[in-house]
Structure formats: structure tokens, C-alpha cells
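The basis for the numbers below is simple: all heavy atoms, side chains too, and nothing from hydrogens, waters or symmetry mates. Because the structure is predicted, anything quoted here is derived from the model rather than measured.
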Amino acid sequence: MPAPEDPPETAAFQRVDWDDLENRWHRPRLRTVLFLCSLVGLGGLYLYDRNYAHVYLVGEWKVSLLDWLFLLSLAVFVSYVLVPAARNRKRVLGYWRRLRRDRPALIASAYVAVFVLVGLVGLLVTGDVRIRFEHQFQPPIGFTSDASLVHDCLGTAADGRCGWSLQYPLGTDVRGYDVLALSVLGARVALYVSMITATIVVPIALGVGVVAGYVGGWVDDLAMAYVDVQQFVPAILLYLLFKVYFGRSLFLLVVAFGLLSWGGIARLVRSETLQRREEGYVLAARSAGASRLYVVRKHLLPNVSSTVVPAVAHLIPVLVLTEAGIAFLGFGETELNSWGMTVAHGLDATWADPLDQWWVSLVPAVFLTTTVAAFKLAGDGLRDALDPRGDR
């Protein structure tokens with residue numbers, strides 16, 4: 001029995017909606033309405049925080065400028081990623097079936113989901129880190145530490161060694177900070193860096209890439225020339241300049257990397273746009289009198305998104321590693337206790353030999369490495385799953 005013929009390649013792409021093409025009046029979409037409502041809600045909360053709450057918005061949550069930027073990033077993510085995904089369940093299920101074939105990418109995606117959850121609500125479970133010098137150098141579960149370094153051994157003390165305690169399953173550092181809480185706090189810092197930077201990078205890269213690829217001519221030349229020049233300016237150099245004038249700040253770090261990290265993705269979007277603008281459905285829409293804005297909104301943006309998502313997933317590990325490196329070198333915001341800063345504290349021999357407090361540096365290093373690897377594997381899996389020719 002002959003095998004059924006493969007569907008034509010264009011079947012996976014957007015089709016021309018002739019009725020919508022003739023309709024000059026477009027109602028705002030649910031995602032736009034939701035985003036505008038989120039902006040109004042965030043604006044109201046900000047005014048309440050500035051004029052009435054003064055110090056803490058909720059409980060002991062003192063909202064910083066970085067927190068507001070993160071909340072805005074969440075609003076963008078929910079409105080323009082989760083809502084469209086929920087309204088296109090058939091397409092999302094197709095992506096899910098392709099992703100499920102790649103077991104490492106599936107496991108990595110599950111880890112990324114847990115990482116996001118821990119970054120969002122982990123501190124509600126572990127509690128914030130607090131200085132408790134009397135509990136310094138408590139060992140993690142299954143190990144012991146030098147009893148001479150511990151003021152109050154919470155486990156069993158024997159033969160000059162202090163045993164582990166369930167109160168600190170991953171041990172404590174020289175300040176008595178719970179390493180588990182420090183690791184969760186590091187996950188939140190990494191999530192902030194990832195979400196906020198992606199929120200800055202994606203709109204700029206999409207806008208520049210689509211306009212350059214679709215309009216072409218001198219607009220394309222000018223945009224790509226700017227990208228070439230920009231890629232000669234390292235984002236870390238801009239951050240160090242910010243640091244000189246404004247001090248250490250994670251807010252300035254994400255702004256610097258957000259403004260200077262979109263060039264590579266814009267080039268990918270431009271290349272995809274150059275290919276898509278010659279597709280039959282785009283030519284048909286243009287022949288029918290569709291405006292440039294209509295073609296971009298209905299046909300180009302949905303199809304180039306399959307390029308942006310894996311590119312951002314591959315950019316995030318670079319951002320997380322860079323932030324950790326900056327914090328490790330002592331250029332980061334000292335109050336944040338990111339993974340890089342915790343690793344540096346664990347290797348500091350001022351108070352104890354690093355081998356006597358190995359868990360302080362090893363635990364966040366493992367979380368950092370696992371997170372970077374998970375984003376890389378998930379990015380590879382998403383690239384294959386979002387490929388419109390994946391079912392061929």
C-alpha cells in the first residue's frame with residue numbers, strides 16, 4: 001500500500017484570511033486588552049506603593065525598581081506568550097508532540113519550568129536569608145564539618161566533627177545563611193535577569209529584523225550597519241561604565257544587556273523575513289491589496305516567532321553566566337546574593353579553608369551549571385519543535 005504523500009510545506013504556515021483582509025476595522029485582541037489592563041493594574045499598585053504603602057507593598061516585600069520591571073515582564077509574558085498559546089491549543093499540541101520525541105529536551109524543559117516556579121515563589125517556602133552567626137558552617141545532609149568552626153552544632157557532635165541537621169538540609173555559610181535559601185535567592189536573580197532582558201531584547205529584535213527584511217533597501221542597509229557597530233560594543237563594558245557613575249546595580253546590568261544583546265536575534269529575524277516575504281500566501285495578500293502592516297501582523301510575525309523563541313532560549317544561558325561572572329568578580333549588587341556571589345563567598349579563605357566549607361560554593365555552582373545546560377538543551381528542542389517543516 002503506497003505511503004500517503006507528505007503535506008505541502010506551506011500547509012504549516014498562515015493562510016490568507018480574505019474576510020479579515022476586507023475588514024478595515026479590527027477589534028483589539030484579548031492579549032492586547034489583557035496587557036493594557038495589566039499596565040493599569042501595575043500603575044495603580046505603583047501609585048499606592050509610592051503614596052500610601054511607603055516601605056512595604058505586601059508583608060515585608062519592599063518593591064524595588066527591578067521588581068516593577070520584572071512584574072512588567074511577567075505581564076508581557078502572560079499576555080503575549082501564554083494567552084496566544086492557550087488560544088492556539090491545536091498548534092501548541094503539535095509543538096508538544098514534536099518536543100516529546102526529544103527526551104533530553106523534554107527533561108530540560110521540565111527543569112526550566114521548575115526553575116521558573118522556584119524563582120517566583122521559592123522564597124515563600126524557604127523564607128528570606130537571615131544572618132545567624134551562631135549557626136555558621138552547619139554541614140549539609142549526609143556530611144560533617146569541623147566542630148571548631150561551628151558555634152552551636154545543631155546535629156550530633158563526635159570526634160571533633162559536627163553532624164548535619166534537617167534545619168539546614170544544604171548547610172550554612174560563614175554568616176549562618178541557609179545555603180538552600182541562598183540557592184533559591186540565586187534562582188530568583190537568574191530569573192530576573194532572564195525575564196527582564198528577554199522582554200527588552202525580543203521587541204527590539206523583532207521590530208528591527210522584520211522592518212529590515214520586509215522593507216529592504218536603505219532601511220535594511222542602515223539597520224544591519226547599526227547592528228554591526230553595536231556588536232563591537234560589549235554589553236559588559238556598558239555595564240561597567242554604568243557602575244562607575246551609578247554604582248553596582250542589577251537593574252543597570254539587565255538594561256545594558258537588554259539594549260546591546262538583540263543584534264544576533266535581529267539578524268536571524270531579518271533572514272527569516274527575507275525568506276517568508278516571497279512565500280505564496282504573502283504574495284497573495286499583497287496582490288489582494290493588503291497593507292504592509294497587515295502582512296507583517298498576520299503573516300510575518302507569527303512565522304518568524306519560531307526563530308525568536310529558540311534564539312532567546314540560547315541567549316538566556318549567556319546572560320545567566322555573565323551575571324554570575326560579574327557577581328563572582330565582585331562587580332555585582334552585593335545585597336542580592338546571586339549564585340556567582342555565593343560561589344565567591346564559598347571560595348573565600350578569610351574565615352575558613354574553602355575545603356572546610358565546600359558545600360557553600362558547590363551547591364550554587366551545581367544549580368548554575370544545571371540551569372545553563374537546561375536552557376541550552378531546551379533551546380535546541382524548541383528549535384526543532386517550532387520548525388514548521390518538523391512533521392515532514
Side-chain angles (χ1 to χ4, degrees), residues 28-83 115-131 177 181-182 184-204 207 235 238-262 316 319-320 323 326-327 331-339 341:
R29 296 189 174 188
L30 175 61
R31 61 193 180 194
T32 304
V33 174
L34 181 61
F35 180 64
L36 292 176
C37 291
S38 302
L39 285 183
V40 173
L42 286 176
L45 278 176
Y46 179 77
L47 291 176
Y48 172 78
D49 183 53
R50 291 295 300 270
N51 297 318
Y52 296 99
H54 298 303
V55 179
Y56 299 114
L57 179 62
V58 179
E60 296 183 356
W61 186 22
K62 185 179 179 181
V63 188
S64 65
L65 185 58
L66 192 69
D67 291 321
W68 288 115
L69 205 54
F70 179 68
L71 291 175
L72 179 61
S73 303
L74 275 182
V76 172
F77 181 75
V78 171
S79 303
Y80 291 100
V81 177
L82 295 186
V83 170
F115 159 76
V116 172
L117 185 64
V118 169
L120 285 175
V121 300
L123 286 179
L124 296 178
V125 178
T126 63
D128 206 352
V129 292
R130 298 181 184 280
I131 293 178
Y177 281 172
L182 281 175
V184 171
L185 191 55
R188 193 178 74 170
V189 173
L191 180 63
Y192 271 35
V193 172
S194 307
M195 287 283 294
I196 298 173
T197 309
T199 304
I200 299 173
V201 164
V202 170
I204 300 176
L238 181 62
Y239 168 70
L240 292 177
L241 287 176
F242 283 160
K243 173 181 169 294
V244 170
Y245 290 101
F246 304 105
R248 304 171 182 178
S249 168
L250 186 63
F251 174 81
L252 294 178
L253 178 68
V254 297
V255 169
F257 277 86
L259 293 178
L260 294 181
S261 301
W262 52 268
I316 286 175
L319 299 172
V320 172
E323 187 281 329
I326 289 174
F331 297 136
E333 193 171 338
T334 54
E335 295 82 7
L336 288 178
N337 288 305
S338 71
W339 283 332
M341 187 172 296

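- For residues 69-83, every residue pair satisfying the side-chain hydrogen bond (donor to acceptor under 3.5 Å, both in side chains) rule, not counting sequence neighbours, is listed here: S73-T199.
- Here L42 contributes atom CG and L47 contributes atom CG; the two are 11.0 Å apart, rounded to the nearest 0.5 Å.
- At a threshold of 4.5 Å between non-hydrogen side-chain atoms, the residues R31 and F35 do not count as touching.
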Notebook entry, point to check: Passes side-chain hydrogen bond (donor to acceptor under 3.5 Å, both in side chains), Y46 versus R50? Steps please.
Noted result: CA-CA 6 Å; Y46 179 77; R50 291 295 300 270; 2.6 Å; yes
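- Side chain of Y239 to main chain of F331: a donor-acceptor pair is present (N/O by atom type, distance under 3.5 Å, no hydrogens or angles).
- I316 is not listed as a side-chain neighbour of V193, based on a closest heavy-atom distance of 4.5 Å or more.
- Atom OG1 of T126 and atom CG of L182 lie 9.0 Å apart (nearest 0.5 Å).
- L319 places none of its side-chain heavy atoms less than 4.5 Å from the side chain of S194.
- Within the 4.5 Å cutoff, the side chain of M341 has no heavy atoms near those of the L336 side chain.
- Contact annotation: the side chain of V63 approaches that of W68 to within less than 4.5 Å [non-hydrogen atoms, C-beta and beyond].
- Using a 4.5 Å heavy-atom threshold, the side chains of I204 and I200 count as touching.
- In this structure, L74 and L120 have side chains that are in contact, with non-hydrogen atoms separated by less than 4.5 Å.
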